[in-house]
Amino acid sequence: MKIVIDEISTINKMVAKEITKLVKNNPNAVLGLATGGTPLGIYENLVLDYKENKTNYENVTTFNLDEYVGLDINHEQSYHTYMRKNLFNHININLENTHFPTLENPQSYTKLIKEKSIDIQILGVGSNGHIGFNEPGTSFDSETGYVTLAESTIEDNKRFFDSIEDVPTSAVTMGLKDIMSAKRIMLIAFGKNKAQAIKQLINGKEDEAWPLTILKRHPYVTVYLDKEAASLIE
Ligand code: F6R
């Protein structure tokens, strides 16, 4: 596992560059995408690159990690809306090639991911160590499916909603096994509230209580951290 510790703005540029390099070399690239606060700067850089260099996303396929259950896909806080607003509306991606897990299709999502094979999977991490919405205690063998969100996740995500009562309590998420099937994984973590999870990943053992520790098994992971997220590493 490679660890990069740098300024947030530098990391955003580095990760975006890896993505555009992949897409330029392989017009049929398959990307695994995350939402939340962490990847916003990466998407900004991808949009900037598209304006400047017209990187072609016409034949790129994307799989998002997760979507809330109980929010209409057009709700302002749905992950469908997030992706359109922050990336898809600003590049020439074909929306038919963009995929999200839904309650109706969990098994077919896993099947399609296997068929297409993700080239680069972008991951954020929850303060409790979740990746996707695979909360602590999730089996390392999990595939795409319905999950109940942990109290700490609801607490962390309330900043995006008017009140904590508005935060959905469940979601559909890509499973840990699906995430691990990606050829390359880039995990990004910024801020002090990610430091404990990062310490578990770097210094701890594989442990289902800390879902991100499954990444220790993956042959090609890069972890991008700001100083605060790296502050508890021994
Ligand atoms: C989002 C996702 C989550 C987030 C995590 C961190 O698609 O799968 O695992 O990456 O909750 O969220 P932020 O980036 O908002 O701190």
Side-chain angles (χ1 to χ4, degrees), residues 8 11-12 15-16 19 31-45 62-69 71 73 75-88 98-102 106 109 113 118 120-138 142-161 164 167-180 182 185-198 200-201 210-215 221-226 228-230:
I8 294 177
I11 291 173
N12 289 338
V15 174
I19 295 172
L31 301 173
L33 300 177
T35 57
T38 309
L40 284 171
I42 297 168
Y43 298 147
E44 249 173 57
N45 277 283
T62 65
F63 289 96
N64 262 82
L65 283 168
D66 35 29
E67 180 56 283
Y68 288 122
V69 168
L71 289 190
I73 58 167
H75 187 283
E76 60 169 348
Q77 289 305 334
S78 81
Y79 290 160
H80 283 73
T81 300
Y82 172 107
M83 288 310 304
R84 285 196 301 261
K85 191 169 134 201
N86 295 301
L87 185 65
F88 296 159
T98 66
H99 304 281
F100 291 80
T102 71
Y109 204 63
I113 289 171
I118 294 173
I120 292 183
Q121 174 68 56
I122 300 298
L123 291 179
V125 59
S127 58
N128 64 3
H130 74 211
I131 49 176
F133 275 140
N134 296 286
E135 299 287 19
T138 303
S142 70
E143 294 186 338
T144 299
Y146 174 83
V147 290
T148 303
L149 300 181
E151 284 300 322
S152 58
T153 300
I154 294 170
E155 187 64 35
D156 288 346
N157 287 0
K158 76 173 185 212
R159 69 190 196 280
F160 298 115
F161 293 84
I164 194 156
V167 186
T169 54
S170 57
V172 194
T173 184
M174 199 189 279
L176 291 173
K177 227 166 130 181
D178 305 319
I179 292 172
M180 288 293 282
I185 295 178
M186 303 171 101
L187 179 132
I188 301 110
F190 301 141
K192 215 170 177 47
N193 72 331
K194 307 294 171 75
Q196 187 60 40
I198 294 303
Q200 296 295 327
L201 173 64
W210 290 95
L212 83 165
T213 60
I214 195 175
L215 300 176
V221 178
T222 313
V223 182
Y224 294 88
L225 308 169
D226 69 350
E228 290 186 332

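Each ligand, and each atom within it, is numbered from 1 in the order the structure gives. Each residue takes its place number in the sequence, starting with 1. None of the values given here were measured: they were computed from a predicted structure.
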Has Glu44 got more than 12 heavy atoms of other residues, nucleotides or ligands less than 6.0 Å from its CD?
no

Check the pair His75, Thr81 against side chain to side chain contact (heavy atoms under 4.5 Å, CB included), reporting the backbone distance first and the verdict last.
CA-CA 7 Å; His75 187 283; Thr81 300; 5.5 Å; no

Which residues pass the salt bridge (Lys or Arg N to Asp or Glu O under 4.0 Å) test with Glu67, not counting sequence neighbours?
none

Walk me through it: do Tyr43 and Leu33 pass the test side chain to side chain contact (heavy atoms under 4.5 Å, CB included)?
CA-CA 10 Å; Tyr43 298 147; Leu33 300 177; 3.6 Å; yes

Over 60° means perpendicular and under 30° means parallel, so classify the ring planes of Tyr109 and Phe63, tilted if in between.
perpendicular

Shortest protein contact, atom 6 (C) of ligand 1 (heavy atom only)
Val125 O, 3.3 Å

Does ligand 1 have a heavy atom under 4.0 Å from the side chain of Leu65, from its backbone, from both, or from neither?
side chain

For atom 16 (O) of ligand 1, the closest protein heavy atom turns out to be Lys194 NZ, 2.7 Å

Tell me which protein heavy atom sits closest to atom 10 (O) of ligand 1, plus the residue, atom name and distance to 0.1 Å.
Gly124 CA, 3.3 Å

Does at least one non-hydrogen atom of Arg159 fall below 4.0 angstrom from an atom of ligand 1?
yes

Derivation of the side chain to side chain contact (heavy atoms under 4.5 Å, CB included) call for Phe133 and Leu149:
CA-CA 7 Å; Phe133 275 140; Leu149 300 181; 3.6 Å; yes

Can you tell which of Gly126, Gly36, Ala34, Gly132 gets a heavy atom nearest to atom 3 (C) of ligand 1?
Gly132

Heavy-atom proximity to atom 4 (C) of ligand 1, picking from Met174, Glu67, His130, points to His130

Distance-only N or O hit between ligand 1 and Pro39, under 3.5 Å
no

Stepwise side chain to side chain contact (heavy atoms under 4.5 Å, CB included) check, Lys194 with Thr38
CA-CA 11 Å; Lys194 307 294 171 75; Thr38 309; 3.8 Å; yes

How are the rings of Phe100 and His80 set to each other: parallel, tilted or perpendicular (split at 30° and 60°)?
parallel

Against heavy atoms of Gly37, which atoms of ligand 1 measure under 4.0 Å?
13 (P), 14 (O), 15 (O)

Where the closest heavy atom to atom 8 (O) of ligand 1 is concerned, which of Leu187, Asp66, Asp156, Thr153 has it?
Asp66

Using a 4.0 Å heavy-atom cut-off, say whether Thr38 meets ligand 1 through its side chain, its backbone, both or neither.
both

Among protein heavy atoms, which sits nearest to atom 1 (C) of ligand 1, and what does the distance come to when rounded to 0.1 Å?
Thr35 OG1, 3.2 Å

